Amino acid sequence: MKKQLILGIETSCDETSASILSKVGERIEILSNIVASSADLQSKYGGIIPEQAAREQIKAIIPAVEEALNQARVKPNDLHAIAVTQGPGLIGSLLVGVETAKALAWIWGKPIIPVNHLIGHFYANWISDRAESTPKFPCLGLLVSGGHTDLVLFTGHNKFKYLGGTRDDAAGECFDKSARLLGLSYPGGPQISKFAQKGNSASFKFPRPMMKSDDFDMSFSGLKTAVSNLVSNQPRTNLQLYDLCASIEAAIIDSLVIKVTKAAQTYQTEDIIVAGGVAANPKLRKELESSLPDKRILIPPPHLCTDNAAMIASAAFFNRQRIDPFKLEANPNLSLAY
Ligand code: KG4
Ligand code: ZN
């Protein structure tokens, strides 16, 4: 069987990632996946400063591509294509990846495949050495990242129907903003998740907005406001950090699980695929599995939930929209809601 090799490049937010994937038949294998993060800087400043993130990425991108090729023991000439995140994301960051990919495609004489970052997240679920463990169509897809929260119905590769999503903040954003209010470092999701394990999720009553609405939309900004009011109206010493984290995490996860369950009742798919940074949360997996025992819940391993170039290369194997490299432009506003 013929082996295909793709170099993926991802720079939509604060990570700089390059990865080589091979595909033989249905088997997709990661040969290398380099992820350089400026998380230490973000943690120091409590969030991402776009200009600073892009500057770090300019320094990191070529070493990341070189390292990805070296670790995979692949020469540029062996590559079949270069896949790159076209959007959505921070424009300065996206430009670093897109312009690098264009230059490499031109120098090496390779085709370029633009990938929507949000679709890319879902394709982390297709990285597997066993065809039976990859998603089967039709399947429901829940994307939960730092900037997006969307529910879609996939009917095939590159074919999906948008069902709904957040009307304001994303689930990851809600974790991050709540963590900041509690004085925890960025990114807040993993911190809240860690402290939540020692807390009681029934300690604080936080809202679960739109739970009764007759659609698949969600809302998280009210929860952030409730946390803000609580923290500013109480002396710090009265608030139990572990209980607060457990209650915040439970409110976010309940909101997601309720809408996924509603979608699963409406669209009787066997598989539900989950993707994006918040998919790394163990409680989300547990709650989805216990609420939907007759469904197969597919979630990538945690390091493939957060931003990485392997998922971008994986998406490119199935969505071969080739484009003249000189016509490719970064698009910070790409979305799933067409
Ligand atoms: O997908 P991602 O790496 O970047 C974007 O495309 O936005 O997602 C980052 C988000 C952040 O909001 C982060 O707090 C959240 O994913 N996150 C988590 C966990 N790990 C990362 N949220 C909850 N629990 C986690 N274990
Ligand atoms: Zn992402």
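This is a predicted model, so every value here is computed, not measured. Just the heavy atoms: all of them, side chains too, but no hydrogens, waters or symmetry mates, feed the values below. Numbering of ligands and ligand atoms starts at 1, following listing order.
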**Student:** If the cut-off is 4.0 Å to any non-hydrogen atom of A280, which atoms of ligand 1 fall inside it?
**Tutor:** 26 (N)
**Student:** Write down the atom of C139, the atom of P135, and the distance for their closest heavy-atom approach.
**Tutor:** SG-CB, 4.3 Å
**Student:** Does an N or O anywhere in T306 fall below 3.5 Å from an N or O of ligand 1?
**Tutor:** no
**Student:** Taking distance alone, with no angle check, do G277 and ligand 1 share an N/O pair under 3.5 Å?
**Tutor:** yes
**Student:** Just to be sure I'm reading this right: ignoring hydrogens, which of N308, D307, L284, I192 gets closest to atom 3 (O) of ligand 1? Compare them by their nearest heavy atoms.
**Tutor:** D307
**Student:** For P190 and ligand 1, answer yes if some heavy atom of the residue is under 4.0 Å from a ligand atom, otherwise no.
**Tutor:** yes
**Student:** If you measure every N/O of P187 against every N/O of ligand 1, is any gap under 3.5 Å?
**Tutor:** no
**Student:** Could you check which of G146, G188, G189, S193 puts a non-hydrogen atom nearest to atom 7 (O) of ligand 1?
**Tutor:** G146
**Student:** Using a strict cut-off of 4.0 Å, indicate which atoms of ligand 1 neighbour a heavy atom of H117.
**Tutor:** 6 (O)
**Student:** So, for T85 and E10, which heavy atoms are closest and what is the spacing to 0.1 Å?
**Tutor:** OG1-OE1, 2.6 Å
**Student:** D176 versus ligand 1: do any nitrogen or oxygen atoms come within less than 3.5 Å of each other?
**Tutor:** yes
**Student:** Among F122, W126, F317, which one satisfies ring-ring contact (aromatic ring centres under 6.0 Å, His included) with H157?
**Tutor:** W126
**Student:** So, is the end of the K102 side chain (NZ or CZ) under 6.0 Å from the ring centre of F326 and within 45° of the ring's axis?
**Tutor:** no
**Student:** One thing to verify: whether K177 and D169 come together as a salt bridge, which I'm taking to mean a side-chain N less than 4.0 angstrom from a carboxylate O.
**Tutor:** yes
**Student:** Does any N or O atom in F175 lie less than 3.5 angstrom from one in ligand 1, N or O only?
**Tutor:** no
**Student:** Ignoring hydrogens and angles, state whether a donor on the side chain of N281 or E249 is under 3.5 Å from an acceptor on the partner side chain.
**Tutor:** yes
**Student:** Please check whether G172 reaches ligand 1 - meaning an N/O of the residue sits under 3.5 Å from an N/O of the ligand, judged on distance alone.
**Tutor:** yes
**Student:** Does ligand 1 have an atom that lies less than 4.0 angstrom from a heavy atom of H121?
**Tutor:** yes
**Student:** For a quick test of reading the model, state the closest non-hydrogen atom pair linking C13 to Q57 and the distance between them.
**Tutor:** O-NE2, 2.9 Å
**Student:** Stepwise, does the salt bridge (Lys or Arg N to Asp or Glu O under 4.0 Å) test hold for R285 with E287?
**Tutor:** CA-CA 6 Å; R285 176 191 290 268; E287 295 296 322; over 6 Å; no
**Student:** Could you tell me the residue and atom name of the protein heavy atom closest to atom 24 (N) of ligand 1, and the distance to it rounded to 0.1 Å?
**Tutor:** N281 ND2, 3.1 Å
**Student:** How does H148 reach ligand 1, if at all, at less than 4.0 Å between non-hydrogen atoms: by side chain, backbone, both, or neither?
**Tutor:** neither
**Student:** Taking everything shown except D214 itself, do over 12 heavy atoms lie less than 6.0 Å from its CG?
**Tutor:** no
**Student:** Could you go through S213 and D215, starting from their C-alpha distance and side-chain angles, then the distance that decides it, and tell me whether this counts as side-chain hydrogen bond (donor to acceptor under 3.5 Å, both in side chains)?
**Tutor:** CA-CA 6 Å; S213 72; D215 53 29; 2.7 Å; yes
**Student:** Could you tell me if S22 and Q4 have a donor-acceptor pair between their side chains, going purely by distance under 3.5 Å?
**Tutor:** no
**Student:** Non-hydrogen atoms of E249 versus ligand 1: any pair closer than 4.0 Å?
**Tutor:** no
**Student:** Does E67 have any side-chain hydrogen bond (donor to acceptor under 3.5 Å, both in side chains) partners at least two apart in sequence or in another chain, and if so, which?
**Tutor:** Q71
**Student:** Tell me how many protein N, O or S atoms are closer than 2.8 Å to the Zn ion (ligand 2).
**Tutor:** 3
**Student:** Only heavy atoms of G147, strictly under 4.0 Å: list the atoms of ligand 1 that pass.
**Tutor:** 7 (O)
**Student:** Please test K136 against D271 for salt bridge (Lys or Arg N to Asp or Glu O under 4.0 Å), starting from the C-alpha separation and ending with a verdict.
**Tutor:** CA-CA 6 Å; K136 302 282 165 290; D271 286 355; 5.6 Å; no
**Student:** Any Lys/Arg nitrogen of D254 or R208 sitting under 4.0 Å from an Asp/Glu carboxylate oxygen of the other?
**Tutor:** yes
